[in-house]
Amino acid sequence: MRQLAEGLRLPVDWLDYTILALYFAVVLGIGFAARRSVRTSLDFFLSGRSLPAWVTGLAFVAANLGATEILGMAANGAQYGAYTVHWYWIGAIPAMVFLGLVMMPFYYGSKVRSVPEFLLHRFGPSSHLLSSAIFAVSSVLIAGVNLYAMAIVLKALLGWPQWVAIVVAGFFVLAYITLGGLSSAVYNEVLQFFVILAALIPLTVVGLARVGGWHGLSSSLRHSRGDDFLSAWGGTGIGHGNPLGANWLTITLGLGFVLSFGYWTTNFAEVQRALSAKDLGAARRTPLIAAFPKLLIPLVVVLPGMIALVMEPALGRDGSGLAYNDAIPVLMRDLLPNGVLGLAVTGLLAAFMAGMAANVSSFNTVFTNDIWAAYVRKGRPDAYYLVTGRVITAIGVLAGMGTAFIASSFSNIMNYLQTLFSFFNVPLFCVFILGMFWRRATAAAGFWGLLSGTVAAMLNYFWLYKQGVVAIPSDQGANFVSAIVAFAVGAVVTVAVSYATEPKPVESLAGFVYGTRSPGAAAPPAPGDDAWYRRPALLGWGAVVLAAVCYVPFSL
């Protein structure tokens, strides 16, 4: 992430700081309240599998509303315009629906506590340990992104030294997760979801009014950036140039399939929210409920980036002192009065903390259960693992502080995160989906498929792209290609090794492969789950249809 412009200082006063202080007080209060419900390690890591679907659904979408969403997508909106909606309507909704309709019965029905634990039962210890280590590393790196981005924003807007911002936010995330475990993180994410909306909606409405409504905004952008800037698919033909550096094939396959499905269906920071639901029906509805607010997030994230470009035409130009990452702060500075300004700053802080908390809470679960308890200290009392989880939470936050500055080597937050996803999530999804739908996939194939896909993505990015061996127009385009390469290599290796090695007995795959019966999936629906508006198929396909409809205004 580029340093925000040093001249960006918000005229905050006592009212704004009071709102910020009240938010921190409520955050800690939720942590103390949730602490009373934590008696076992299951309570700490998965909220005792007791949360209702509406809570886990809002937490599911809020966990993704971190630095990527607020600053990264607004920056992309200013830089790429309508192309950015692909990250939502093709790069999120289909995968979220697939998770709810197809994959959650396997996750929840098998009663696993994490995504790597599913691989332990499906493939074996080698795939389990490798996926656990990969996830632990990636979650700490992504947590660091949120800390770094927040520190840069608070330094630029409020004048806080970078280290102070990192320590303050890290301390509060550490406090409420250590106190209340996942329940504290989830309920704070629900709060943060509404705080973020309360911050971004006024910013969007006032900004849109300032530029003359949608007609004024679109006229200005067409004049300065051309018609394709307001079209999701304009200029994406193969061989055509566009600012995104991608064509329809890399968008649909790279982003819409492998990156999207790899993130939303196997990223434990998201799946953990669904696993904490009270029953299978609630777990399936979690990502489906989250899909509906996700459809509308571009209105309060991408649209402000485009508004900022009209209000500040120098945004992103060399020598202007303003990067695309300054889009949201510029609007806050120019549009919001005190009080509302404090709410906006609080909303940004809530977004960063939600993103970090999601990764820290998933990190402590995977490290404690899938590494420490499985391979280092086996068979200890439950109370031991509860204490271990709290200690690992502190280590995760401290590690996130240490990795925060790795993000500084990337010019755009989204580029950094998409790079991590192509390295870690895509190979995991490839092995996962083959193992879930193909009984012949073997234990050795799971390990070598995951390892080869990860290595292939890294080679494509650091050697072929960074060394100029293959010409790819942009970092985003390179990430899409890396994702395709990772999936293709992982799939080929998994299939080849499977035919060269012996598969597990079919009876040991019950509940872990499509077509085998899972005891959890066969449970009768909870009272009220048979209501038409709660049916997963209706919710899922309804979200997909609405996503397609959302494209219409940006395709004419």
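Worth saying up front: this structure is predicted, and the values here are computed from it rather than measured.
Applying the ring pair (Phe, Tyr, Trp, His ring centres under 6.0 Å) rule to Phe24 yields the partners Phe172; only residues at least two apart in sequence or on another chain are considered.
Asp326 contributes no side-chain N or O that, together with a main-chain N or O of Pro329, makes up a donor-acceptor pair within less than 3.5 Å. A donor-acceptor contact shorter than 3.5 Å links the side chain of Arg49 to the backbone of Leu275.
Note that CG of Leu22 is 9.0 Å distant from OG1 of Thr346, once rounded to the nearest 0.5 Å. Distance CG/Asn425 to OG1/Thr266: 5.0 Å, rounded to 0.5 Å.
Remark: Arg284 is not positioned above the aromatic ring of Tyr107, lacking an NZ or CZ atom under 6.0 angstrom from the ring centre and at most 45 degrees off the axis.
With hydrogens and angles left out, the side-chain atoms of Thr236 and Asn247 include no donor and acceptor closer than 3.5 Å. Checked by atom type, the side-chain pair Arg273/Ser361 shows a donor-acceptor distance below 3.5 Å. Side-chain polar atoms of Thr286 and Thr56 form a donor-acceptor pair below 3.5 angstrom.
When ring centroids are compared, Phe135 and Phe424 stay outside the 6.0 Å threshold. Ring centers of Phe480 and Phe257: at least 6.0 Å apart, outside the cut-off. Note: Phe60 and Trp264 meet the aromatic proximity criterion, with ring centroids under 6.0 Å apart. Taking the ring centroids of Tyr551 and His86, they lie under the 6.0 Å cut-off.
Listed by first and then second residue, the ring pair (Phe, Tyr, Trp, His ring centres under 6.0 Å) pairs involving residues 186-210 amount to none (not counting sequence neighbours).
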Output side-chain donor-acceptor pairs under 3.5 Å for residues 290-313, partner residues at least two apart or in another chain, one line each.
{"from": "Lys294", "atom 1": "NZ", "to": "Asn64", "atom 2": "OD1", "distance (Å)": "2.7"}
{"from": "Lys294", "atom 1": "NZ", "to": "Glu69", "atom 2": "OE1", "distance (Å)": "3.4"}
{"from": "Lys294", "atom 1": "NZ", "to": "Glu69", "atom 2": "OE2", "distance (Å)": "3.1"}

